Amino acid sequence: ALLLGRQDALDRLVDGLEGRGTLPLASYDGEGEDERWGSGAVDSPDDPIAWFQLAKVYEKLDLRHISDLHTIDNAIAAYRRVLELDPRHHLTEFWLGQALYHRGDLDGATRAFERLLEANPSFRIARFHLGVLYARRGNRARAEEEFARVLEESPEDAAARFYVSGTPTG
């Protein structure tokens, strides 16, 4: 069952994407974000901001303590739509990788983080997640390489140090 108000928020997002109105959007602060990804309203069905917001709603609705809707595939499709509309929005590639990981698609998640790091090599949290993916997939050498790069940028990163010292695989 949905928590009170969640279905209304989803309906408002979908209505905005289908051109039946405007939708106030919450501010999103993210690494490497530009100002136009802050507050605003849905201008058209091809508005990448609205698709990003919809993806985040679908992702939240997939959490077991919020609903039983199993909407992660919808979130992934919405993130992909954002990237079709605005391929430069690197934060979307990060969240796509997270959603694919959540769904269990380790190959897809790895590709998403690799694309992100190709476009934005200093996105340290994505590099960390890529290291975790390599470790989970049994590629210890690549995992250690990624964690070492994280530690070059941020020597105090305890999680990366932990992985370098033992590189868990599960």
Side-chain angles (χ1 to χ4, degrees), residues 13 25-40 46-67 70-170:
L13 278 164
L25 298 175
S27 178
Y28 247 80
D29 295 326
E31 190 173 353
E33 291 302 282
D34 60 69
E35 289 179 17
R36 73 186 195 85
W37 287 86
S39 296
D46 291 331
D47 188 334
I49 298 168
W51 283 100
F52 184 83
Q53 294 288 335
L54 181 61
K56 296 306 293 172
V57 169
Y58 279 135
E59 196 171 357
K60 294 291 184 207
L61 287 173
D62 196 65
L63 298 174
R64 286 187 194 111
H65 69 280
I66 292 180
S67 81
H70 309 291
T71 55
I72 196 66
D73 289 331
N74 300 76
I76 290 166
Y79 286 134
R80 287 183 171 145
R81 180 67 177 139
V82 172
L83 292 169
E84 287 173 17
L85 296 168
D86 185 358
R88 298 166 296 129
H89 193 252
H90 304 303
L91 186 62
T92 299
E93 196 78 70
F94 175 80
W95 287 110
L96 173 61
Q98 291 286 85
L100 290 165
Y101 180 85
H102 175 71
R103 186 176 74 188
D105 182 354
L106 301 185
D107 291 337
T110 299
R111 286 190 301 275
F113 288 122
E114 288 171 341
R115 283 189 306 268
L116 169 56
L117 289 166
E118 188 175 302
N120 187 353
S122 64
F123 206 121
R124 184 173 49 90
I125 190 74
R127 188 164 305 285
F128 176 82
H129 285 283
L130 184 59
V132 170
L133 280 161
Y134 285 141
R136 291 257 344 251
R137 296 172 69 210
N139 191 338
R140 184 180 176 102
R142 289 291 305 268
E144 288 178 352
E145 182 182 312
E146 297 302 330
F147 294 131
R149 289 184 70 183
V150 168
L151 289 170
E152 283 174 17
E153 294 178 31
S154 183
E156 74 284 351
D157 193 313
R161 246 185 287 122
F162 172 79
Y163 272 92
V164 166
S165 69
T167 312
T169 58

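Only heavy atoms go into these numbers, but all of them, side chains included; no hydrogens, no water, no symmetry mates. As the structure is a computational prediction, the values presented were derived from the model and not from experiment.
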### Query
Do you know the tightest heavy-atom contact between L83 and H89?
CD2-O, 3.7 Å

## Note on the structure
Residues at least two apart in sequence or cross-chain that pass side chain to side chain donor-acceptor pair (under 3.5 Å) with N139, listed by chain then number, are none

### Query
Which atom names give the shortest non-hydrogen contact between A75 and A55, and what distance separates them?
CB-O, 3.5 Å

### Query
Heavy-atom distance under 4.5 Å between the side chains of E93 and L91, does that happen here?
no

### Task
Of all the heavy-atom pairs spanning V82 and P48, show the shortest one and how long it is.
CG2-O, 3.5 Å

### Message
Would you say that V132 contacts F128 through its side chain, given a criterion of any heavy-atom pair below 4.5 Å between the two side chains?
### Response
yes

### With E118 via side chain to side chain donor-acceptor pair (under 3.5 Å) - residues at least two apart
none

#### Entry: Check: R127 and F113 side chains under 4.5 Å, non-hydrogen atoms
no

### Message
Tell me which one of L116, I125, T110 satisfies side chain to side chain contact (heavy atoms under 4.5 Å, CB included) with L130.
### Response
T110

### Message
Any heavy-atom pair between the side chains of F52 and W95 that's under 4.5 Å?
### Response
yes

## Note on the structure
Heavy atoms of W51 and L85 approach each other most closely as CD1-CD1, 3.6 Å

### Message
Distance check, rounded to the nearest 0.5 Å: I72 atom CD1 versus L61 atom CG?
### Response
10.5 Å

### Query
L133 versus R111: any side-chain heavy-atom pair under 4.5 Å?
no

### Query
Would you say the side-chain atoms of R140 and Y134 include a donor-acceptor pair closer than 3.5 Å?
no

### Message
Are D157 and R124 packed together at the side-chain level, in the sense that at least one heavy-atom pair is separated by less than 4.5 angstrom?
### Response
yes

Less than 3.5 Å apart, which donor and acceptor atoms pair up between the side chains of residues 148-155 and the rest of the protein, not counting sequence neighbours?
from : atom 1 : to   : atom 2 : distance (Å)
S154 : OG     : E156 : OE2    : 2.6

### Query
So among F94, Y101, F123, which one has a ring pair (Phe, Tyr, Trp, His ring centres under 6.0 Å) with H129?
F94

### Query
For A143 and G131, which heavy atoms make the closest approach, and how far apart are they?
CB-O, 3.4 Å

### Task
Go through the structure and list residues passing side-chain contact (heavy atoms from CB on, under 4.5 Å) with N74, not counting sequence neighbours.
Y58, T71

### side chain to side chain donor-acceptor pair (under 3.5 Å) involving E145 - partner list, sequence neighbours excluded
none

### Query
Which pair of non-hydrogen atoms, one from I76 and one from A99, has the smallest distance, and what is that distance?
CG1-CB, 3.7 Å

### Query
According to the salt bridge (Lys or Arg N to Asp or Glu O under 4.0 Å) rule, which pairs have a member within residues 72-83, sequence neighbours left out?
D46-R81, D73-R103, R81-E84

